[in-house]
Structures are given as C-alpha cells and as structure tokens.
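Here is the structure we will look at, set down as structure tokens.
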Amino acid sequence: MRRLDFQSWSIGAKLIALTVPLIALATMVAAGLIYQHDVTKVNDKLEHRARSLQHQIMADRAYYASVVVPKIKELEGTIGVDYKEVHGRFPLPATFVREVSEITKKLANGYTVNLLSPWPINKDKGVRDDFHRDAFAYLTANPKGQFIRNEVLQDRKVMRYMAADIAAAQSCVNCHNAHAQSPRHDFKLNDLMGGLEIIIPMDQYVDETRRDLFATVSGGVGLCLLVLGIMALGTNRTVRRPLKALAGRMAAFVAKEDAKFMRPWAPAQAAKTPIGDEATHITATFERMQGVIVTQQNELREANQNLEQRVIERTDELRRTMEEKERIGSELRIASDIQRSILPRTFPPFPHRQEFELYAETIPAREMGGDFYDFFLIDDERLGFVIADVSGKGVPAAIFMAVSRTLVKATALTGVGPDECLQQVNRLLCPDNDAAMFVTVFYGILNAHTGMLEYSNGGHNIPYHLGRDGRIAMLEKSAGMALGIADEARFETKRLTLQHGDALFLYTDGVTEAMDSGDCMFTEQRLEEVLQRSHSATPAEQIHGVVGEVRQFSAGTAQSDDITVLALRFGKASGAVREDRLSVTLTNQLTEIERLSVIVDEFGGRHGIPPKVLFEVNMSLDEVLTNIISYGYADALSHDIIVRLSCLEGTVSVEVEDDARAFNPLTAPEPDLTKPLEERPIGGLGVHLIKTMMDALEYRRERDRNILTFRKKFAA
Amino acid sequence: MDIIEDKQGAIVLLGLVGRLDSGTSPQMEEKVLGLLAGGAKQLVVNFARLDYISSAGLRVLLMAAKKLKASGGVIALCALKPHIREVFDIAGFTAMFPIHESEALALRSLTNMDAPWDARG
C-alpha cells in the first residue's frame, strides 16, 4: 500500500478498508445508542426518584402542617422562623422540609431540596436563576407537571427537578396569607404557592455512562483491530499469496511462450505493470496470456493450413509419381515382352531338318536382359548360331543387346566367315558407342551335311565340346576380345569337324558365376559334372538339367546375372526312338494363346492329328493358359510359360510349365451350372471341358513350378 | 473378333466372326450389356462364322442369357459349327439355350413365342 490511490491497494487492504470502517461505524452507532439509552435510563431513574422524593416530602410537610401544627397550636405553641431562639416556637412546615434537606445534602451524593416561591416569605427563598423562572413559568401553566433540567451547578452535573407547591391545606393558605412578610395575601386553596426543587447530583451516573461508552468504544476498537489483524493475515494467506503465485505463473507462461514465437507478441505491453490490486494484475496477465494463446492458436492454424497444403501437394506429387511409375512399369513390361519375343523360342526351330538338334534358353536377371542367343539358316547347308553377353544388365544392356543381335544376324546372313563377321560387327559397334558398352560374342557355323564347325570367339566363355563317347573338353581358344572396345581388334576362325552324336554346349557366365547363399560360385567344374551326367541326353534335356542344377544351387538368393544356354547336337541322339517334340516358350500375355494355336495347328498338320483333336487341344491350352495368365501372378512382370507338345504312337501329349503361384486345377470344385454366373479363378467350366475332352489330366508341382499335363489319343 | 449387328423388327441379330475367347469376350460382353441397356428383349446370335469358342466365351453367353431372362427377354443361338456345338454339349449349355440350325428357324421361334424351341433341330 505505497500509493495513496485506493485503486492500487491490495485486495486485502481494500477489504480491510471497507470492513473496518464499517465495524467502527457500527460500533460508534452502537455506542451512541447505548449511551443514549443509558442517559435516558439514568434520567428516568433520577426523575422517578425525584418524584418519589417530592411525594415523600410533600406528604411529610402535609402531615406536619395538618397534624403537627394544629396540635402545637392546641398546646398554645407558635410557628415561626425563629423557632431556635424562642421558647415554645416550632419550625414552619417549609423550614421542616428545608432542615431535613440540609441534613441529607451533606450525605455523599445526597440530594438538595429547596422550597421556593416567586412570592417568598424568606427572601432568599425566592426565584434565583433562569431555571426557577422557566420552571415557574411552566408550572403556572401546568401545575400538575414537573419541570426537569439537567444543569451543571458548582462543577457538578445535576438534575434539577421542580414540582409545583400547591396549597393543599387551608392552614397553609391562612398562614401564608397571615404572614407579614408574605408578598401575597390572596392565596386560596389549591393555588400555586411556590415550587419544590430537588437537585439530584448525576456525577456517578454520568461517570458510569461514560465508562460504559468508553468500554463500548474500546471494545469496538479492539474488535476492529482484531478483525483487521485477522483479515490482514487471512487475506495474505488465502488471497494475496495464491493470487500472487497465480500471477507469477501466468507471467512466466507468457514470458516463456513469448520467446517461442515466430513473431514476438506485443513485447512492449509485456513490460507494463497495471495499476490496481492483485485481481487487476491477474486480469491484465490473463489478458496477456489470452493474447499469447490466441496468437499461438492462430499460428497453429496457419501452420496447420500450411501443412495441409503441403500434404495436398505431396499427395498430388506422390500420385503423379505413382502414375509415372506405373507408366514406366507398363512400358518396361511392354519392352520386356518385346525383347522376349525377339529371340526364337519355338523348338525345334527347323523341324524339317533332321541333321541336328538344337535347344536354347535365356533367363534374365531383371525384366530386361543383356544376354542373347541366336540361330539361323544361312543357306541350305549351314546353320549359324550365336551366344553373347552384353556388359551390364537391365534396360541399357537390353538396348545394346538388341543392336548387337541385329548386327550379328544381318552380317552373318551375308555368309561371311565367323572371324570376318565379328570383325565387321565390331567395327560397326565401336564408333557409336558413347556408353562404352561391350559385348562378348561366340559365333559358330555348322555345316549340317559335313559336320564341319567353324567358329570365332570375341571374349566369350569357350563352349564345351561333348564327344559322343562321353568326353568333355572345351573348344580350342580363338583369339579375339569383346566387341565394342577396340576398333582395330582382330579375330580368328578355328575349325573342327564334328562326328555324328557330338554335341556343343554354349553358356554365359551367369551359369558358372551363379552364387549360392554362402557366396560360393557354381564354377565350370560343377557345370562339367552336370554335362558329364547328361552327355547322351537331347539338347533340351541337357539344358533343363543344367538350368535345374543352377536353380537348385542358388536357391534362396536373387539371380545376379542373366543365365543363357544353347545346346546343339550334330546328328540324332544314339538309339532313342525319336519322339517329336515341340517346345514353345510364351510370355504371359493372352494374345500369345492365338499365336500358340497357329504353331499347334502346324505341328498337328505335320503329324496327321485330326482337326477335331487339334481343336480340343487348343481349347484345353486356351483354358489352362488363360487361367495362368489372368490369375497366376501377383506381380505385373513378364513371365515365361513353356508349352511342350509331343506326338508318339498316335497320342498327343501336352505339358504346360509355369512359375505362377501353386494351383492344382484338379482340386478345383466341379462347376454347378445351375448357380448364378460367378467369376471363379480357374473357371470350373474350363477344367470340366478339359477333363471331358482329353483322355487324361495330371498336375505336379516341381521346384516352384506348376506342371500340368494332358493327353489325347487320336489314332489307333 | 467382329460382331455384325442387324435388326429384324424388335429382334436384334448378332453375327460372330472369328474367335470368342478370353481376349475377345470382353468385347462381346460390352456389346450385349449395351443392347440390354437399350431395352433389347429378343436376341439371336449367329455362329456361322465363329471358328473357336473357349470357356470365357461360354461365360459371356451365359451372362447374356441370365440377364435377358431377368428382364423378361429371350436369347436364341443358331448355325453352330460341329465342334463348337460339341463344346456346348460338353459344357451342358445345350440344355440352357435354344439352339437352332439356321437363322431363319431362330427368328421364327422368337416371333412365334408359343412354339417350343427346337434344341436339336
């Protein structure tokens, strides 16, 4: 409470400032009222006493005057003022009263009685002051009344009481009238002769009432002080301290939050302390806090909106990226399909040529591969065959692969020798080779009539020569590096004559460098072992064997490089009755079904299979392939499906091999044709058709592949 | 596959050319649904130039038949080649569709609704 303006006092002080004066006022009023009451009570008491006294005195006098005086007169006594001196003289009634009063006056706090009159016999019993005058004036008008006044006489507070002295007895009247010194002689009975004045000291009563007042006021003051003390303490603990703490916390909050802002909140206002008590202070702080919170909210809202905007933008971006990805994915898929379809995938490729047997397979590591194989008839006698490996994998390698393959085939078909071919291709590849890619190539030409083999190698893995007696050896090396590196590279042609039953095995390093889960490589050694075991098998069987071994070896690991193999046998396999087999590799596209049906019809034509049977075979293949292609794959990538047809002793057999998810059509439920049309994965209808049309239907799962086989006898 | 469309009064005629397989059946489905949406109630499908049908094709025909039946219409097939006919037999479809030798017979059967349809003939 440093300032004088009430507004800035603390709440406690304000409370005290309001309460205590009230209490004080109440006390004052109470004291006043009590005092008033006391005074009235005292006055009444004294008046009552004065009246009693009056009656008493009047009665005494009346008795004296009416009983004693006549008796005296009877005894020939006399009444007079000089009764003390004269023998036989007795006091006047008035004297009697006076003398008695003198005695009582001497008592402590005793009252004084005066009989006086406006017409006194005794001169000093006359009207002496204003009180008497006023009293007589009053009593003349109201003889039955009393005139009372409180005055200070001789430094003492007194009550002066005057009652009319009425001539009650005739003797009084007579006596007064007869008295020589009486100023009047015409008194009658019941006339006002004078007055009886009683003076009662009030000192002690005044003192008493004063003491009471003092007590009341002191009590009030004490109470005020007590209340003041309690309130001061009380408000301090229950009001001031908590409010101060609250204010402090709020201010701290404001200060802290202020610091966090991107834009400081009205810093100037923060420093000002408002004038007022704790509540005002808190209100002000609260307002600041409110401001802080509102600003925070606004900033949050803004930030939120920004965030939402960003989210929308990002989601949009994401959506566009996804669409782009899908687009690229689908284009990649198309490119991959194209690439697969570029390489010849139907075996035997030249069914009319019995002099040799040929099979090849390529398994890219990614959607697009960099390896390739190729074969073509240069002329009636000569078969050209190629295996190559482009540096790298994926799309760049695939593009380079396509270019290289085209160049090699085009150049080879002109009929030049192997070394010349590689040379020409090399010279064509080198100049436009910005990406500095290269390709290893092995190119061989087999004369189907003579068995003469001419070959040239450009940095590729040397193929194996499998003798019909079971010997395995690598072909003789031919000098030459990979194509696309050096313009002036030189190549040479080597020659070798194959015997009937000899075979060649070509491969890329995806075979020998295939890794297992322990990071060990497949190696040439293992390859040789596999080849050894299958030396009398057909090229297709041999390749399936090798590929199977490599797959088993590297099971569990991702394929690191493209795997490509080509097997060529000169002459027929010893002894075995030839089963005419057709192997077609398809890509997982529904359009392939029609392409296959053309090949099947051709095969059927060659083997005299009746049209109806061919129709049923094609229909069965349609069903099987549709289901595999439509429902078999979880991804959107290219997959190979191999269909093998064979014809033996009047029975046509079909085998479909795929790497789709495991599904056994034989366990599919039989269709309920009365049921409403539902799209079922294998379409029970399809299987039903196959089962009805074909003689047998078998399924097996082998090494992550579905193999479905069906057969139909067409001739006796 | 080509679908040749024609009208004879309230009857819609569809002539199929080529193959009705998994690749071409969506085309057929779209055609039929379109006709149904347009309010067609009587449909005749001519198989004279259809060389091949697979189960996908059979499904489309079944769907067409069901939908027509639901809207109170009818479908009739005609001029099936022998091996196509055999496929229908195997699939049990012969019992579900009115199959006629020729288009003329098919039309007659639809215009004369009281006459029972001729499954074999």
Side-chain angles (χ1 to χ4, degrees), chain A residues 586 588-598 600-601 604 609-632 665 668 670-695 697 712 714, chain B residues 1-2 16-30 32-33 36 43 45 47 49-71 73 75 77 80-99 119:
Chain A
L586 310 165
N588 54 331
Q589 290 279 19
L590 289 171
T591 48
E592 291 272 76
I593 297 172
E594 200 173 335
R595 178 173 81 88
L596 177 67
S597 74
V598 172
V600 169
D601 286 341
I609 302 175
K612 180 164 178 294
V613 174
L614 278 177
F615 179 85
E616 286 171 342
V617 166
N618 272 323
M619 200 163 170
S620 305
L621 278 168
D622 187 330
E623 296 307 323
V624 173
L625 291 168
T626 302
N627 286 307
I628 295 168
I629 292 166
S630 306
Y631 306 108
E670 285 289 314
D672 183 357
L673 294 171
T674 62
K675 274 193 158 178
L677 197 65
E678 290 157 290
E679 294 282 340
R680 273 182 297 204
I682 190 86
L685 210 51
V687 178
H688 175 68
L689 286 166
I690 300 169
K691 278 184 187 165
T692 316
M693 291 188 289
M694 296 290 116
D695 293 340
L697 180 64
K712 179 106 185 166
F714 61 88
Chain B
M1 179 183 71
D2 291 319
L16 304 179
V17 184
R19 293 165 61 94
L20 182 59
D21 57 14
S22 45
T24 57
S25 54
Q27 182 192 353
M28 177 73 175
E29 190 175 343
E30 205 183 305
V32 170
L33 286 174
L36 289 174
L43 194 63
V45 187
F47 284 70
R49 291 166 72 186
L50 191 76
D51 299 315
Y52 177 86
I53 191 165
S54 75
S55 65
L58 291 173
R59 269 193 228 114
V60 173
L61 289 170
L62 189 64
M63 179 269 300
K66 293 259 172 202
K67 282 204 149 69
L68 269 167
K69 189 170 167 193
S71 67
I75 186 170
L77 315 180
L80 273 63
K81 288 190 178 155
H83 35 241
I84 305 270
R85 178 65 188 245
E86 205 172 315
V87 172
F88 271 73
D89 286 335
I90 297 167
F93 273 37
T94 343
M96 301 181 68
F97 291 88
I99 299 177

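Values in this document were obtained by computation on a predicted structure and should not be read as measured data. A note on names: the letters A, B, ... follow the listed sequences, proteins ahead of strands, and every chain is numbered from 1.
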Query raised in the report: Does NZ in B/Lys81 sit with more than 12 non-hydrogen atoms of other residues, nucleotides or ligands closer than 6.0 Å?
Result: yes
Query raised in the report: So, the side chain of B/His83 versus the backbone of A/Glu616: is there a donor-acceptor pair under 3.5 Å, distance only?
Result: no
Query raised in the report: What pair of heavy atoms forms the shortest contact from A/Phe615 to B/Val87, and how long is it?
Result: CE2-CG2, 3.6 Å
Report task. Give a yes or no on this: more than 12 heavy atoms of other residues, nucleotides or ligands lie within 6.0 Å of atom CD of B/Gln27. Result -> yes
Report summary line: Correct closest heavy-atom pair for B/Ile90 and A/His688 would be O-NE2, 3.0 Å
Query raised in the report: When rounded to the nearest 0.5 angstrom, what is the spacing between CG in A/Leu621 and OG in B/Ser54?
Result: 12.0 Å
**Report entry** Intermediate values then yes/no, side chain to side chain contact (heavy atoms under 4.5 Å, CB included), B/Arg19 and A/Ile593
**Finding:** CA-CA 11 Å; B/Arg19 293 165 61 94; A/Ile593 297 172; 4.2 Å; yes
Report summary line: All heavy atoms of B/Ser55 vs all of A/Met619, minimum pair found to be N-CE, 4.1 Å
Query raised in the report: Step by step, would you call A/Glu594 with B/Thr24 a side chain to side chain contact (heavy atoms under 4.5 Å, CB included)?
Result: CA-CA 11 Å; A/Glu594 200 173 335; B/Thr24 57; over 6 Å; no
Query raised in the report: Rounded to the nearest 0.5 Å, how far apart are CG of B/Asp21 and OG1 of A/Thr626?
Result: 7.0 Å
Requested in this report: Measure distances from A/Ser620 to the heavy atoms of chain B and classify the residue's part below 4.5 Å as side chain, backbone, both or neither.
Outcome: neither
